[in-house]
Amino acid sequence: QKDKVSVNLQNVNLDRVLTAIESQTDYRFIYKDDEIDYKKSVSIKVEKSPIEEVLQDLFRNTSIDYQVVGTQIILKPNKHIKTEVLTQKTTIVQVSVNGSVLDDNGQPLPGASILEKGTTNGATTDFNGNFSLTLTNSDAVLVVSYIGFVAKEVAVNGNENITVTLEEDFAKLDEVVVIGYGQQSKAKVIGSVGKIEEEELSKVASSSVGQQLAGKMSGVVVNQSNGQPGAASQIVIRGTGTLTAGTNPLIVVDGFPLSEGSSLNSINPDDIATVNVLKDAASASIYGSRAVNGVILVTTKQGSKNEKTTITLDTYVGMQEQSSGVELVDAYQFAQFITEARNWGYVSKDPANRSATDPNSVRVTKTINGQGIDGRELYLDFLQPYLDGKPGLTNTDWMDVAFRAAAMYNYNLSASGGNEKTKFYTSLGYFNQEGIVIGSDLKRYSANINLNSKLTDKINIGVSVKPSFTDQNALDQGSRSSGAIALVPLNFSYYSPYTDNGDINISEQIINEQREIEGVRINGTPVENLLATSTMVKDNRQQFRVFGNVFADFEIVKNLKYKISLGGDYENYTRNFYYPSSVGSYRTPAPRSDAEATQDKQTRYNYLIENTLNYDFSLAKHNFDLLAGYTFQKENIDFSSTVGTGFADDNIKNIAGASSHTTNYNLAIWALESYFTRLQYDYDAKYLFSAAIRKDGSSRFGSNNRWGYFPSVSGGWVFTRESFMPLEDILTFGKISASWGQTGNNQIGNYGSYALVTDSNYVNGNSLAAGYITTSAPNPNLGWEVASAMNIGLDLSFFHKLNFSMAYYKTNTKDLLLNVPVPQQTGYENVLANIGEMENKGLEFELSGRNFMLGNVGLGFNANLTSYQNKVLALGPGQEEIATGRDQLFVTKVGGSIAEIYGYEVDGVFKTQQEIDNTPHLSGTLTGDFKVKDINGDGKINDDDKVSKGTYTPDFTYGFGGSVAYKGFNFSFNFNGVSGRTLMDGDMASLTEAGEGFSVPTTYYFENRYHPVNNPDGFLGQPNFGNFSNSRKILRSSVVVEENNGDYIRLRDIRIAYDFSKSILERLRLSKLQLYVSGNNVFTKTDYRGWNPDGTSSNILTSGYNDGSNYPLAKTYLVGLRIAY
Amino acid sequence: CEKELIQNPNTDKVANNFYTNEAELEEGVNAVYATLQFGGNYDIAIPALGEIPGEDAYDETPANDGGVYGEIDQYNVIPQNGLIENVWRDAYKGIQRANIVLNRIEDIAYDNATTKKARIGEMLFIRSLYYFNLVRIFGDVPLVVEEIINPQDNFGQTRTPKEDVYNQIITDLTLAVDLLPNRNEDNKMRVVKTAAYTLLGKVYLTLGDYPNAYDNLIEVVKSKSHKLIPIEEVFSTENELNEEIIFAVQFASGINANSEGTDAYRMFNPTGRVEGNMTGTKGHGVLKPDFYDLYEEDDLRKGVYVDVLESGIAYSKKLAIPSTVIGDSESDWVVLRYAEVLLMLAEIENQRGNIDIAIGYLNEIRERVNLGLYEGLEDKNSVFNEIDLQRRLELVWEGHRWFDILRQNRAGEVLGVSDSNRLLMPIPAKQIATDSALEQNPGY
């Protein structure tokens, strides 16, 4: 620092000399106006003198003493001459000013500070935001500042009354984000860390924070593949980086890493303060072998020190209804469809000898080669009144039976506060959600305690405990025996859910659709009434879970802190399934010969020991933060499943009523031991650098590959802090950063490296002969997938109001854990091995602005967009592609993307035999079947004519929203969407759009089906029951896959809230009272005709495959209230 | 804490520590037998493939269950057919398991050397049975006779010519005949010497090698281990593993959560067959009414082996009505029995010109069911026709008919199948998608 001064001033006021010195050095003078006579006339002449000498000269024989503290020079009066100062003071001209300081919503800001510029003269505002200050100069300029707001300078210009409005510091340069094992000023973050706050999360009503994140953050895709209350969402951060291993991000709650894939339902979203997402490898690599899918850091609410205790009640009630693209025909249309299907099935087998007008009595005699007819070739005479259009017949809309307007409630009572040493937050929550599908619901009881206390100056301790209990009814919706959604298209609209006397109609359809006509079974669809199964089959899951940690930190020497944390997670899960004999199942009417019951029990416990050492210090403008740590975590999962059979009756609705039991038991243990260290450095918050490395050892990996190293480096430059940067009033913040790091994926199950011997029994006579045999191949080299990822980021802030950031990411994953399909002559279907390589890259953009004022109206907006490109670089040795899933149409090949959905290009239907004969076609094509484009023009239709129709992974995802604030009102909305997503719906392919007559068709299919008489212009396959050709079987999945059929844009949330004003609150003795109404998923625009455009299978290699298990999302309407006392 | 990183499975056995003693190896042997019960083997698929394409059985609901049975019935199987996929997968599962035991048994001491020899013979028999099925269904198939340690090494393996596969089968069964013990009350549930003789004889018959076929089959007669028993006892669940049975895959009802019974009852019985509250049969292998009419009025098999519903749909009664759940029938699946040995010998002797001897075997079958002695013409052709008819009537729905027609080259004549490509099933599409080194059969 500069400490030599040159001053030559004669007979000037003292303050001028002080200013001259300040201008040449880093020193600042500090004094009280009323103590120091700064107008005193002085003379001084020094040339490059040390500051100490200058001060001695200046104050020798004066009434002023000085003291140098760092770069501050404090001036105090010399006691001997106090009276002289008082005398002098009377000569000063005084101007006084009154005023108030408000925020941009016009609310007063108590505690704001007002300083007369160039002086230390100042004041703070009172509770009502008012201040008064006596100025030393009528031309003074006031500097008004408040934490979290942009400081403002206001010229007094002789005004006696001044109102100052401060704008929130949107750039939030001092905002802190949570990073692995610590936190950091947002301005200094050089990786890619997304942050989202409570306020934004709470706009979506859900039991799970996962769902609340959907569409809110660039690079983070939340696929709500199953909308059942309590079902987990798939969270994909920057694309899928694996083919076989788990895709779950690591979730760390208040420092405790949860087991991958463990339910987020056990965290009450109301307790969450912020969620930070570590998206790039450099940020995430501190979590090493578990970080490849990104890391989500959840921070729950804490109290504050010296805060009066606040009690808050948050509550809402809501109503939900289904939002799917499924539309099925009614009973009259269905009767026509099924008649067409049965007639064409009959005629098409032998068109020369058969006619659609043949009565059933004739049909049964028209055997071919001695074989009787399939009952599906009979027409259903009992449907004649429907065909005649007779009004008033049974016409059940089974969608209305399966779905309901479902209620949801949430209550959360919390208290927070603190004194000088201790702060606390505690809450009790109750959440109750009925599912939109009958028979499904979720109840959660939860609590949270966060307590922090300073034992001494050097020691802090804290406790965090989160118990919860969830009680869920969740039938497997994909089951054709008891899944309401899977049964919707199979419950025929000419049956009623109730009998004439109002009882639930049991097994009428199963029995009727298997009735005989002319001695032949009509062989319709034999499923049970979904109302009966949904109310009588029980699938209850209860989970008690408690997790949390205790920690203590000690400051060993100044700035060197040691922290030890002990964490634990305990979960007890019970599932009871009971299928009574008094309700039918697929093809089996009630009473069935036996009931079935299953009980699954799981106990999981997990403990974590974490030791960290942290040293942060500064040398002048060089700031260092060093971290070193050691952690050990171990988990036991104890699982048993008991199946009971042999029920005498339905009295005892669980395994206790069974006479025979079979139990499977499994105990799995994993352990993870880790060492890590990290250096964070910056020079003057301008040049930023960070490097870290973690070493992980995992029990999941083979003996030859047990330890892995995960390094990262990153650097950044806050160029707006350079003095040469122009336009600093416009471009208020700018940073570029780059990072590189490696992370791993260890989600491969616990004993993947062992060749396991599993049971496979035989019977000798009537006794079991226990058999055991090798069922998996050993792989002692099994290790983690390693992802090397780079990230280049740019963050800009204009006028403190408008923020823009973008990032380019590129991740290369090698040693892919691949459950490769192998040639089956080996006796194996798949083996797990570290082979394969893949690349993900894309761009992320985020733009947001807040506090744009139009008079009293505040406006804000936000938008994000992320692109995804996935490329498979290598598979197993000699392996070019993996073709799997329905009809092997899901193809993952080298040079392509994961799970591209292939299919034929369908081009209308054949209407004459002549047309078939003259056109390349698949063997077994009938008239009314699909025409296929001969893509390669070789005159044959075969596998080579299949083309890629896209992938489940979208080309890009986006979200945008806005907010408007006026006085106490706040209106906000957010949209999110995906673009470039392709889906295959299994139920559409084989049921609702197959035209096979097995199920009720969609309206789309019905309106566009081909029938030579009833719908000659149709372009979809002619209804055919009983003679569904091979050509149709091969093409039915292709025909429902239209490129980008999964695109959607959704109004994710819309909300209007009113905050009662301070004056009302004071009268009510409340600190906050907010009322709101909101809606979620109110509107979705998509062409998808299936249940859920987010739907996918859990197998990555068949991503985008949908069926009835993809429970649709709910539209939700809420009314909420927040009261704080 | 590093020792914590070594976590061995607690509830699964690990191959490295397994196969160390006789007891563990016996568990391995049981697991090889277990594959016989798999859906792609003798639970469903092999019976279906053997019977449904024949002229007597047909699929009442050909469009149901993805059409997999209907395609087989109508000779238009597609490579995506799920039943075909299962046959391929489950046969090779059984083969690999047999190979594991064969690879490891040499080093394990058995208390009784005869037992060890028997086990080797049993494994060779079961492996041969699977290859015999595969080669008859698919033609050339990859031949694997060693335990596979690293399955990825098999990428690129092509199909072995069926002649080589048959040679392996004959070598193995020849060895098995020597290793296996004679049938007795303690080993009758396992593979015994007569089973190997019967299968080897049948393999030779399939290849048209009558002398070798005769030499092996006649050993079964000579052994006196087997005889014909009253027909109502042959398939009775009270009397399983009786003296007529040479080899049967065992099933049992009501144990292991109803998972040890056979699903064949549900799959193949007419949809209209209702027995108490046992409904849900699928009609995939009913019998044609004109076939049912071939049973003469006095034939004891009528009402015992076969019956007819009021609707006129006939069906096999050889599988017991389940008492627990519909997919849990108690009946064993009979793979080889003495009646077939006699019919094969009759066929062989007739082909070799020993028509009198042939008629002698034929009469054993006829007399048991009250049909009296054969009184028709005694030329080779007429006798063949009678043997063929008795095979159909006696062995109805035991999964032989299609394979009989195939080995006799009569698919065109009997079934009207003119496209010879249809006589072999397609290699599963899934397998070709996994490894293009496997070539598809022509016509698919």
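These values consider heavy atoms only, across backbone and side chains, with no hydrogens, waters or symmetry-generated copies. Labels below follow one simple rule: chain letters A, B, ... track the order of the sequence lines, proteins then strands, and each chain is numbered from 1. Computed from a prediction, not measured in an experiment: that's the story for all the values here.
- For the residue pair T281(B) / R587(A), no side-chain donor-acceptor distance below 3.5 Å is found, with atom types taken as modelled.
- Contact annotation for P591(A): only backbone heavy atoms (N, CA, C, O) come within less than 4.5 Å of a heavy atom of chain B.
- Formation of a donor-acceptor pair under 3.5 Å by the T11(B) side chain with backbone atoms of L667(A) is found in this model.
- Options I835(A), V831(A), N830(A), N764(A) differ in how many heavy-atom pairs under 4.5 Å they form with chain B, and the most are formed by N764(A).
- With a threshold of 4.5 angstrom between heavy atoms, E518(A) does not approach chain B through any atom at all.
- Only the side chain of E996(A) comes within less than 4.5 Å of a heavy atom of chain B; its backbone N, CA, C and O stay farther away.
- The greatest number of non-hydrogen atom pairs below 4.5 Å with chain A, out of D435(B), N256(B), D290(B), V325(B), is found for N256(B).
- Side chain of R1032(A) to main chain of A994(A): a donor-acceptor pair is present (N/O by atom type, distance under 3.5 Å, no hydrogens or angles).
- Using cut-offs of 30° and 60° for the angle between ring planes, the Y92(B) and Y131(B) rings count as perpendicular.
- Under the 3.5 Å distance criterion, the side-chain polar atoms of R89(B) are left unmatched by any main-chain donor or acceptor of Q825(A).
- For the set I6(B), V286(B), N8(B), N17(B), the count of heavy-atom pairs under 4.5 angstrom toward chain A peaks at N8(B).
- In this structure, chain A has a heavy atom under 4.5 Å from the side chain of Q37(B), while its backbone stays farther away.
- Within the 4.5 angstrom heavy-atom criterion, atoms from both the backbone and the side chain of Y33(B) approach chain A.
- Between K282(B) and D65(B) a salt bridge is recorded (basic side-chain N to carboxylate O distance below 4.0 Å).
- Scanning both residues, S699(A) and Q7(B), for their nearest heavy atoms gives CB-CG, 3.5 Å.
- Residue contact with chain A, scored on non-hydrogen atoms closer than 4.5 Å, is absent for A98(B).
- In this structure, the portion of F998(A) lying under 4.5 Å from any heavy atom of chain B is its side chain and not its backbone.
- Looking at K893(A) and E880(A), no side-chain N of the basic residue comes within less than 4.0 Å of a carboxylate O on the acidic one, giving no salt bridge.
- Highest contact tally toward chain B, considering only S698(A), G644(A), S767(A), S703(A), is held by S698(A) [criterion: heavy-atom pairs under 4.5 Å].
- Residue R592(A) touches chain B through its backbone alone, counting heavy-atom pairs closer than 4.5 Å.
- Of the two parts of V249(B), the backbone and the side chain both hold a non-hydrogen atom closer than 4.5 Å to a non-hydrogen atom of chain A.
- Salt bridge present: K13(B) and E27(B) bring a charged side-chain N and a carboxylate O closer than 4.0 Å.
- Only the backbone of S253(B) comes within contact range of chain A, judged by heavy atoms closer than 4.5 Å.
- In this structure, chain B has no heavy atom under 4.5 Å from any part of P526(A).
- The most heavy-atom pairs under 4.5 Å with chain B, out of A668(A), P823(A), A883(A), come from P823(A).
- Heavy atoms closer than 4.5 Å to chain B are found in both the backbone and the side chain of S760(A).
- At distances below 3.5 Å, not a single donor-acceptor pair connects side-chain atoms of R706(A) with backbone N or O atoms of R700(A).
- Residue T279(B) touches chain A through both its backbone and its side chain, counting heavy-atom pairs closer than 4.5 Å.
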